[in-house]
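Contents: one structure, followed by commentary.
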Amino acid sequence: MNYWLMKSEPDVFSIDDLKTKTTSWDGVRNYQARNHMKNMKQGDLVFFYHSSCKNIGIAGIAKVITEAYPDHTSWEPSNHYFDPKSTPDNPKWFMVDLEFVRKFPKIISLSSLKESPELKDMPLLKKGNRLSVMPVSEIEWQVINRKQSHTI
DNA sequence: GCCAACGTTGGC
DNA sequence: GCCAACGTTGGC
């Protein structure tokens, strides 16, 4: 099993929204992020990160419930994420389905993540990094979960 | 709202 | 294949 981190703007889709319904993670239009999704397996766990908002940080945990499959929004001309280079016969973009696992009682803030030397290699914490889907090592997963349990 | 950092596009 | 211009991301 592998671990991941995925960013979402809570004003658009938050951990509370995920709690009410499983979701298809469509609209990813970045090659690196797409390739990470293609490497996801059923049962992988995901830190759900809230970006571009008041309370930035990891809000909870989600689970991957499907492997990557073609993102149909990419060939719908009316869709905001339409890409003329992607077709049903030759899809260019992919998505996975996620379900809610847990919401942390308190968001693990970005600033508190930056305080842990064990996490300094996470792409998330690198200056200027904009990757929206990234792998998390087992060590990083454990360190962050430990951080979370201490805040209860 | 600002702006630095990044990925993508397209002219050459 | 280079690189300037552009659009987007995302913390502050």
Side-chain angles (χ1 to χ4, degrees), chain A residues 2-21 23-40 44-64 67-98 100-137 139-141 143-148 150-151:
Chain A
N2 289 305
Y3 302 104
W4 308 92
L5 182 145
M6 296 170 90
K7 294 179 186 172
S8 182
E9 298 188 21
D11 293 344
V12 179
F13 192 84
S14 74
I15 188 88
D16 291 318
D17 296 321
L18 182 64
K19 197 172 190 173
T20 66
K21 56 181 188 294
T23 192
S24 302
W25 207 261
D26 60 12
V28 171
R29 298 292 180 267
N30 168 283
Y31 288 107
Q32 239 186 313
R34 180 202 67 181
N35 293 342
H36 288 318
M37 286 203 296
K38 281 185 158 186
N39 286 328
M40 290 181 180
D44 282 0
L45 293 175
V46 178
F47 281 134
F48 194 100
Y49 180 88
H50 283 179
S51 68
S52 296
C53 59
K54 226 172 196 159
N55 201 356
I56 298 165
I58 298 173
I61 294 175
K63 187 194 283 183
V64 176
E67 303 210 345
Y69 61 100
D71 179 349
H72 58 85
T73 66
S74 66
W75 57 75
E76 292 166 2
S78 64
N79 194 282
H80 177 67
Y81 297 110
F82 176 61
D83 179 353
K85 296 195 199 85
S86 183
T87 66
D89 290 338
N90 192 14
K92 185 172 158 189
W93 302 110
F94 290 77
M95 58 188 177
V96 296
D97 289 356
L98 295 184
F100 176 84
V101 173
R102 174 159 63 247
K103 178 185 178 179
F104 293 154
K106 185 164 169 273
I107 283 184
I108 308 174
S109 70
L110 177 60
S111 57
S112 81
L113 293 172
K114 284 178 178 166
E115 285 168 9
S116 295
E118 301 98 321
L119 304 178
K120 68 172 172 21
D121 290 331
M122 290 184 78
L124 178 72
L125 304 182
K126 296 272 167 69
K127 190 178 177 186
N129 195 284
R130 298 168 14 180
L131 192 57
S132 63
V133 179
M134 67 189 78
V136 173
S137 76
I139 303 264
E140 290 161 352
W141 182 267
V143 166
I144 292 168
N145 270 295
R146 202 147 50 225
K147 217 174 234 305
Q148 191 278 138
H150 287 165
T151 63

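All of these numbers come straight from a predicted model, not from anything done at the bench. Values reported hereafter were calculated over all heavy atoms of this structure, with side chains retained and with hydrogens, waters and symmetry mates removed.
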Interatomic distance where CD belongs to A/Gln32 and P belongs to B/dC6 [whole Å]: 12 Å
Can you measure A/Asp83 atom CG to B/dG7 atom C1' for me and round it to whole angstrom units? 14 Å
Side-chain N,O (A/Lys7) to OP1/OP2 (C/dT8) below 4.0 Å: no
Whole-Å distance between B/dG7 C1' and A/Leu131 CG? 11 Å
Integer-rounded Å distance: B/dG7 P and A/His36 NE2: 12 Å
NZ of A/Lys127 versus P of B/dG7: gap in Å, rounded? 15 Å
Nucleotide nearest A/Asn30 when distance is taken to its side chain, options C/dG11, B/dG7, B/dC6: B/dG7
Tell me whether A/His50 contacts the main-chain N or O of A/Ile15 through its side chain, where contact means a donor paired with an acceptor under 3.5 Å. yes
What does A/Lys114 touch in the nucleic acid at a heavy-atom separation under 4.0 angstrom: a base, only the sugar-phosphate, or nothing? sugar-phosphate
A/Tyr81 side chain N/O closer than 4.0 Å to the phosphate oxygens (OP1, OP2) of C/dT8? no
Distance in angstrom units between A/Lys92 NZ and B/dT8 P, rounded: 9 Å
A/Thr73 side chain vs A/Tyr81 backbone, donor-acceptor pair below 3.5 Å: no
Give a yes or no answer on whether the side chain of A/Ser74 reaches the backbone of A/Asp71 with a donor-acceptor pair at less than 3.5 Å. yes
Using atom CZ of A/Arg130 as one end and atom P of C/dG11 as the other, report the distance to the nearest whole Å. 12 Å
Which one, C/dG11, C/dG10, B/dT8, comes nearest to the side chain of A/Tyr31? B/dT8
CG of A/Asp11 versus P of C/dT9: gap in Å, rounded? 14 Å
Sidechain-backbone polar pair: A/Lys38 side chain, A/Ala68 backbone, donor-acceptor under 3.5 Å: no
